[in-house]
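What follows is a short report on a single structure.
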Amino acid sequence: PLVQRAPQHSPIFRRKVALQRWLLSKTRSTRTAPPSPSTAKRQKACGQGMDLSNIRANPALAKLLVLAKRQKVKDEFRERQADLDRSIEKAFELSNGESNACTDDPSSGALSVQSLMDQLGRTDGQFPSPVDVQVHLHHAHLRGKLEVVDIAGETVDGRATNNISFLSPSAMIRILQPATQ
């Protein structure tokens, strides 16, 4: 959609590129050491610098900043999701290390959703809350990374095609290992 609205080398495209370059030059200069007094005077005299009035006067810049902030939030969320994935894998590794003595048990390596919610969920308002952990486990199950195991250790119809509408806290799950070649 953005490409259709601003085809390459069109006036709109060139304006957006110039705006992005200008914004990058401003953010790079603010990330380094604070400007010397002579540089600050020069910037003020030339009308350079960025403040709230400049952003309000330039809707394209404001939109670009909002999009950049949204992207930053998305990237941070993806990183936290990846951290949660690693924490879940680590919990299963620890569980498998403790239950290796009885390998005949078909439910070995299985953990309850509730135990993972208790172990990985945070109650201080930060990510992940116990419900976030439950939802994350449910989506991992839908993606085929986890299987649901009943109390007797039998696999309950494999993956996302099963009749489970949502993983309950009492459900026992096991991580599926990728096939080794």
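Just so it is clear, the model here is predicted, and its values are computed rather than measured.
Partner of Leu137 under the side-chain contact (heavy atoms from CB on, under 4.5 Å) criterion, chosen from Leu120, Leu111, Leu116: Leu116.
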> Could you walk me through whether Val66 and Lys69 pass the side chain to side chain contact (heavy atoms under 4.5 Å, CB included) check?
Replying inline: CA-CA 5 Å; Val66 167; Lys69 176 64 176 179; 5.7 Å; no

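The structure places NZ of Lys145 at 7.5 Å from NE2 of His136, a figure rounded to the nearest 0.5 Å. Remark: His138 NE2 to Gln134 CD distance equals 9.0 Å, nearest 0.5 Å. Between atom CG of residue Leu64 and atom NZ of residue Lys16 there is a gap of 8.0 Å, rounded to the nearest 0.5 Å. To the nearest 0.5 Å, atom CD of residue Glu89 and atom CG of residue Leu84 are 10.0 Å apart.
Nearest heavy-atom pair, Ser115 versus Ser112, reported as atom, atom and distance to 0.1 Å: OG-O, 2.7 Å. Of all the heavy atoms in Leu176 and Gly144, the pair that sits closest is CD1-O, 3.2 Å. Listed here is the closest heavy atom pair of Phe127 and Asp132: CD1-OD2, 3.4 Å. Contact record, Pro130 with Arg122: CD-O, 3.4 Å, taken as the closest heavy-atom pair.
With sequence neighbours left out, the side-chain hydrogen bond (donor to acceptor under 3.5 Å, both in side chains) criterion links Asn58 to no other residue. Applying the side-chain hydrogen bond (donor to acceptor under 3.5 Å, both in side chains) rule to Gln114 yields the partners Asp118; only residues at least two apart in sequence or on another chain are considered. Taking the salt bridge (Lys or Arg N to Asp or Glu O under 4.0 Å) definition, one finds that Asp83 meets it with Arg86, sequence neighbours left out.
In this structure, the side chains of Leu167 and Val135 stay at 4.5 Å or more apart for every pair of heavy atoms. Contact annotation: the side chain of Gln20 never approaches that of Leu23 to less than 4.5 Å [non-hydrogen atoms, C-beta and beyond]. Side-chain contact check for Val149 versus Ile173: every heavy-atom pair is 4.5 Å or farther apart.
The backbone N or O of Leu146 lies less than 3.5 Å from a partner atom in the side chain of His141, making a donor-acceptor pair.
Using a 4.0 Å cut-off between charged side-chain N and carboxylate O, Lys72 and Asp75 make no salt bridge.
One hydrophobic cluster, built from ILVMFWY side chains closer than 4.5 Å, holds both Ile88 and Phe77.
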